[in-house]
Amino acid sequence: MATHSAGHPAGQASVESLNLLYEQAGLPPGGLPAALATAYGGDLGFPEPCVYANFVASLDGVVALGPQYPSSGSAISGGEPTDRFVMGLLRAFADVVLIGAGTLRASAGHRWTPEHVYPAAAADFAELRGSRGRTAGPELAVVTATGDVPTGHPGLEAGALILTTKVGARLLDERLPATCTVVVLGVGPVLRMADVLRSIRDRGHTMVLSEGGPRLFGHLVRDRLADELFLTLSPVIAGRADTSRPGLVTGLELLPSRRESAELVSLRRCASYLFLRYRLRRVGHLGADYDSG
């Protein structure tokens with residue numbers, strides 16, 4: 001498999017071009033710049049509007065190692081450059097990166113921009129965003145029912161949308177950077193995910209990337225509000241001693257009473273890592289609440 005540097009400056013990390021194993025015909029074109037298309041192993045595009053999620057999981061289905069292990073996604077992926085490249089590429093398409101407050105608390109020092117996870121392709125990501133009429137970077141949106149947000153987090157410095165309850169807003173009053181916008185979506189103690197997405201779309205945003213955590217994604221699945229899932233399968237076994245290491249969805253039981261299926265639309269490989277893209281069944285009823293963080 002060829003190593004691809006995408007014309008990046010000397011000394012910066014490079015990725016191996018992804019090997020396309022399967023792709024469903026008729027997927028929307030994305031018009032990737034040549035360097036990104038070469039690294040990704042083909043084009044990438046989305047229907048709009050779109051709510052899409054991105055996770056990395058171990059072979060035994062673990063997506064987070066527990067609150068005592070900050071940024072545990074990097075441990076699960078092993079810092080694989082190709083996974084970081086795909087993460088950056090998916091962010092480059094997004095108007096908004098949507099996370100729960102727990103993900104913010106567990107990711108000290110992180111910034112939810114394409115170039116933060118894969119700086120070597122910063123110019124290519126910017127070219128892609130410019131060609132699609134996007135702003136310089138996606139807006140960060142943090143969902144918190146309680147207002148338990150680390151207000152000094154560097155990810156909030158450039159500005160973020162804080163979606164919360166009346167109770168959460170009172171707790172956060174005058175504690176957030178001036179660049180942040182607080183949107184109150186209810187008295188409390190819970191938030192409706194349909195209201196969260198409606199508020200985001202009222203700001204003109206059509207491309208929403210969810211990066212966790214598994215409880216927030218579980219609520220999107222429960223409400224059938226997610227369109228697509230990108231899942232990196234990392235060739236490691238994480239293990240579980242108890243329930244503190246969640247899978248892709250937590251706080252929600254489906255089988256056997258409810259079956260939620262997904263359709264594989266793309267499969268790529270780099271070394272022993274698999275990069276899967278699924279289309280999710282979507283109905284989008286408006287009845288469930290988000291009660292975490």
Ignoring hydrogens and geometry, is there a side-chain-to-backbone donor-acceptor pair from [X] to [Y] under 3.5 Å?
X      : Y      : result
Asp43  : Leu32  : yes
Arg245 : Gly66  : no
His153 : Ser107 : yes
Ser199 : Val196 : no

Does the side chain of [X] reach to within under 4.5 Å of the side chain of [Y], using non-hydrogen atoms?
X      : Y      : result
Met207 : Arg134 : yes
Glu48  : Phe93  : no
Thr146 : Leu171 : no
Ser77  : Arg84  : no
Arg111 : Glu157 : yes
Pro150 : Leu104 : yes
Leu231 : Leu233 : no
Val86  : Val15  : no

Look at the side-chain heavy atoms of Ile, Leu, Val, Met, Phe, Trp and Tyr, link any pair under 4.5 Å apart, and say whether [X] and [Y] land in one connected group.
X      : Y      : answer
Leu98  : Leu191 : yes
Leu44  : Val97  : yes
Phe230 : Val117 : no
Leu36  : Leu20  : no
Leu276 : Leu21  : yes

Nearest-0.5 Å distance, [atom1] of residue [X] to [atom2] of residue [Y]:
X      : Y      : atom1 : atom2 : result
Leu156 : Thr151 : CG    : OG1   : 8.0 Å
Asp83  : Cys270 : CG    : SG    : 10.0 Å
Asp60  : Arg240 : CG    : CZ    : 6.0 Å
Phe55  : Thr232 : CZ    : OG1   : 11.5 Å
Arg192 : Leu225 : CZ    : CG    : 10.0 Å
Leu220 : Arg215 : CG    : CZ    : 13.0 Å

Which one of [options] satisfies the side-chain contact (heavy atoms from CB on, under 4.5 Å) criterion with [X]?
X      : options                       : result
Met193 : Val51, Leu216, Leu185, Leu163 : Leu216
Tyr52  : Leu229, Leu90, Val208         : Leu90
Leu209 : Met87, Glu228, Arg91          : Arg91

Nearest heavy atoms of [X] and [Y], plus distance in Å:
X      : Y      : value
Ala271 : Arg269 : O-NH1, 2.8 Å
Thr165 : Ala145 : OG1-O, 2.7 Å
Leu65  : Ala238 : CD2-CB, 4.2 Å
Thr38  : Ser17  : O-OG, 3.2 Å
Ala57  : Val63  : CB-CG1, 3.9 Å
Val56  : Ser234 : CG2-CB, 4.1 Å

### Task
Using the salt bridge (Lys or Arg N to Asp or Glu O under 4.0 Å) rule, take Arg222 and Glu260 through it: C-alpha gap first, then chi angles, then the decisive distance, then the call.
CA-CA 9 Å; Arg222 182 176 66 179; Glu260 291 292 335; over 6 Å; no
### Task
Return yes when atom CZ of Phe46 has more than 12 non-hydrogen atoms of other residues, nucleotides or ligands closer than 6.0 Å, and no otherwise.
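Yes.
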### Query
How about Glu253: does its CD atom have over 12 heavy atoms from other parts shown lying under 6.0 Å from it?
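Open: at most 12 neighbouring heavy atoms sit under 6.0 Å from CD of Glu253.
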#### Entry: Nonpolar side-chain network containing Leu27, other nodes, edges under 4.5 Å
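So far as hydrophobic clustering goes, Leu27 is joined with Val265.
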### Query
In the hydrophobic cluster built from side-chain contacts under 4.5 Å, what are the other members alongside Leu255?
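Its cluster mates, by chain and number: none.
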By ring pair (Phe, Tyr, Trp, His ring centres under 6.0 Å) - contacts of [X] (at least two apart):
X      : answer
Tyr278 : none
Phe85  : Tyr118
His205 : none

#### Entry: Candidate pair Arg198 and Asp195, rule salt bridge (Lys or Arg N to Asp or Glu O under 4.0 Å), full reasoning
CA-CA 5 Å; Arg198 186 179 295 113; Asp195 292 341; 2.7 Å; yes
### Exercise: do Arg259 and Ser261 side chains pair donor with acceptor under 3.5 Å
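No pair is found: no donor N or O on one side chain lies under 3.5 Å from an acceptor on the other.
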### Task
Start with the C-alpha gap between Leu254 and Val221, add the side-chain angles, then the distance that decides, and say whether side-chain contact (heavy atoms from CB on, under 4.5 Å) holds.
CA-CA 10 Å; Leu254 295 167; Val221 170; 4.2 Å; yes
### Task
List the steps, then state whether side-chain contact (heavy atoms from CB on, under 4.5 Å) holds for Asp95 with Glu139.
CA-CA 6 Å; Asp95 294 313; Glu139 184 174 27; over 6 Å; no
### Query
Passes side-chain contact (heavy atoms from CB on, under 4.5 Å), Leu161 versus Val96? Steps please.
CA-CA 9 Å; Leu161 187 64; Val96 167; 5.9 Å; no
#### Entry: Of all pairs that satisfy ring pair (Phe, Tyr, Trp, His ring centres under 6.0 Å), the ones with a partner from residues 163-189, not counting sequence neighbours
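Residue pairs passing ring pair (Phe, Tyr, Trp, His ring centres under 6.0 Å), neighbours aside: none found.
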